[in-house]
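What follows is a single structure, written as structure tokens, with notes after it.
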Amino acid sequence: MLTSESLHAALTPWYRSHARDLPWRQPSLDAWGTLVSEVMLQQTQASRVAVEIVRWLERWPTPRDLADAPTHEVLRQWGSLGYPRRALRLQETAVAIVERHGGIVPRHVDSLLALPGVGEYTARAVAVFHFGDRHPVVDTNVRRVIARAVRGQGEAAPAAKRDLHEVEALLPRDSHDAAIVSIALMELGALVCTARAPQCDECPIRSQCAWIAAGSPPYEGRRAARQAKFAGSDRQARGRVMKALRASDMPVPLSDIALEWPDDDQRARAVESLVGDGLAVREGDSLRLPH
DNA sequence: AACACGGGGTG
DNA sequence: CACCCAGTGTT
């Protein structure tokens, strides 16, 4: 049986001895650095973010710095981290923080949630990991650990609002202890209770795990949607166009873009959607990054 | 609730 | 090669 007390008791020493040394875990990191890290970590692996976050914060250490940067440089620096709309939203967030909060990252979840590109996960991650407030922080790792340890299921069901309440019920009363439980649940999901081949032998909550108790049965319930194939997709086409735009200091002729992605219909959709997203600007017969 | 949205790591 | 990744916004 797993309680908030037993969970905290098992996770705290495990986290202390197993936590990875990642840039966003430096106690000296400020709220802005934490926020930028969390945005980069949205759907991008920690190992890749660990490299880029350092360079990013050296270049734009404060919201004001990023707010004042040329957008084409922001998109170039974002590079191949993926989902470049995040870079646009991050700069918009920097502007919003300057305009609405005097350049200071807000502390409360509601204010954080109001920032572009900041959702349920990111808002709480900043409020908890930087400011030390008490909130459930639910990412894909936490959903999987809870699915197994509490519900005895091999994988997480599709994300839902109820996940927040389920995790909230497992948090210790003390906000500092609650923050440790949250970060440790995420680390456990990343290192031990993994999606593919969980290392149950190494797990600090093995004795409390409902999935182990049930004999580790295969998952029967409704699965979260699988991502569509990337190769040959519209997403890949967009990515290829963006890569060409990042590589050039000048507007890129559409005829050159055609060499990057020969399929006419798909290329047209990619260019159209990138322009619509504000990631690219048409200039005559060329395409360029926004200024 | 279901999709679109990058690109790379991993078994 | 299939699956997965510290999610968010839109429909």
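Labels below follow one simple rule: chain letters A, B, ... track the order of the sequence lines, proteins then strands, and each chain is numbered from 1.
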Study note, to complete from the structure: Out of C:dA6, C:dT8, B:dG6, minimum distance to the side chain of A:T122 belongs to C:dT8

**Study point:** Position toward the 5' end of DNA chain B (nearest nucleotide), A:Q236 or A:A197
**Key:** A:Q236

Check your understanding: If you find the nucleotide of DNA chain B closest to A:K161 and the one closest to A:R235, which residue's nucleotide is nearer the 5' end?
Key -> A:K161

Point to revise | Proximal nucleotide (of C:dC4, B:dG9, B:dA2) relative to the A:R226 side chain | key: C:dC4

Review point. When the distance from CG of A:L279 to P of B:dA4 is rounded to whole Å, what number comes out?
Key: 18 Å

Practice item. Assign A:V39 to base, sugar-phosphate, or nothing according to its heavy-atom contacts below 4.0 angstrom with the strands shown. Key: nothing

Check your understanding: side chain to side chain donor-acceptor pair (under 3.5 Å) with A:T140: which residues, sequence neighbours excluded?
Key -> none

Check your understanding: Does a distance-only test, which skips hydrogens and angles, find a donor-acceptor pair under 3.5 Å between the side chain of A:E120 and the base of C:dG9?
Key -> no

Check your understanding: Checking only heavy atoms, does the side chain of A:R25 share a donor-acceptor pair with the base of C:dA6 at less than 3.5 Å?
Key -> yes

Practice item. Send over the distance from A:E92 CD to C:dT8 C1', rounded to a whole Å. Key: 13 Å

Practice item. State which of C:dG7, B:dG7, C:dA6 makes the closest approach to the side chain of A:I183. Key: C:dA6

Review point. Checking all strands, does A:G119 fall into the base, sugar-phosphate, or nothing category for heavy-atom contacts under 4.0 angstrom?
Key: sugar-phosphate

Check your understanding: Within a radius of less than 6.0 Å around NE2 of A:H101, do more than 12 heavy atoms belonging to other residues, nucleotides or ligands occur?
Key -> yes

Practice item. Indicate yes or no for a side-chain donor-acceptor contact from A:Q266 to the backbone of A:G232 under 3.5 Å, with no hydrogens or angles considered. Key: yes

Check your understanding: Which value, in whole Å, describes the distance between the P atoms of nucleotides C:dT8 and B:dG8?
Key -> 22 Å

Point to revise | Any donor-acceptor N/O pair, A:R134 side chain to A:A179 backbone, under 3.5 Å | key: no

Point to revise | Minimum-distance nucleotide (side-chain atoms of A:N141 versus C:dA6, B:dA4, B:dG8) | key: C:dA6

Check your understanding: Can a donor-acceptor pair under 3.5 Å be found between the side-chain atoms of A:R196 and the base atoms of B:dG11?
Key -> no

**Study point:** Sugar-phosphate, base or nothing in reach of A:P84, heavy atoms under 4.0 Å
**Key:** sugar-phosphate

Study note, to complete from the structure: Between CZ of A:R144 and C1' of C:dC3 the distance, given in whole Å, is 12 Å

Review point. Side chain of A:T44, base of B:dG8: donor and acceptor closer than 3.5 Å?
Key: no

Check your understanding: Do the side-chain N or O atoms of A:R85 get closer than 4.0 angstrom to the phosphate oxygens (OP1, OP2) of C:dG9?
Key -> no

Exercise for review: Return the nearest nucleotide to the side chain of A:Q45; candidates are B:dG9, B:dA1, B:dG6.
Suggested key: B:dG9

Revision key, fill the gap. When rounded to whole Å, the CZ to P distance for the pair A:R89 and C:dG7 reads 18 Å

Review point. What is the nucleic acid contact for A:A125, judged by heavy atoms within less than 4.0 Å: base, sugar-phosphate only, or nothing?
Key: nothing

Point to revise | A:R143 side chain near C:dC5 phosphate (N/O to OP1/OP2, under 4.0 Å) | key: no

Point to revise | Rounded distance in Å - CD (A:Q43) to C1' (B:dG7) | key: 11 Å

Practice item. Kindly say whether A:D65 contributes a backbone atom to a donor-acceptor pair with the side chain of A:D68 at under 3.5 angstrom? Key: no

Revision key, fill the gap. Rounded to the nearest 0.5 angstrom, the CG-CG distance for A:L279 and A:D277 is 5.5 Å

Point to revise | Check: C:dC5 base within 3.5 Å donor-acceptor of A:Q42 side chain | key: no

Check your understanding: Quick one: A:Y121 OH to C:dC5 C1', roughly how many Å, whole number?
Key -> 12 Å

Exercise for review: Please state how far atom CE in A:M40 lies from atom C1' in C:dC5, giving the value in whole angstrom units.
Suggested key: 16 Å

Review point. Is a side-chain N or O of A:S248 found less than 3.5 angstrom from the main chain of A:A244, in a donor-acceptor match?
Key: no

Check your understanding: For DNA chain C, whose closest nucleotide is more 5', that of A:D139 or that of A:P116?
Key -> A:D139

Review point. A:A195 side chain: which of B:dG6, C:dA6, C:dC5 is closest?
Key: C:dC5

Exercise for review: Determine the Euclidean distance between corresponding P atoms of B:dA4 and C:dA6; express it in Å to zero decimal places.
Suggested key: 23 Å

**Study point:** Spacing between A:E155 atom CD and C:dC5 atom P, to the nearest angstrom
**Key:** 10 Å

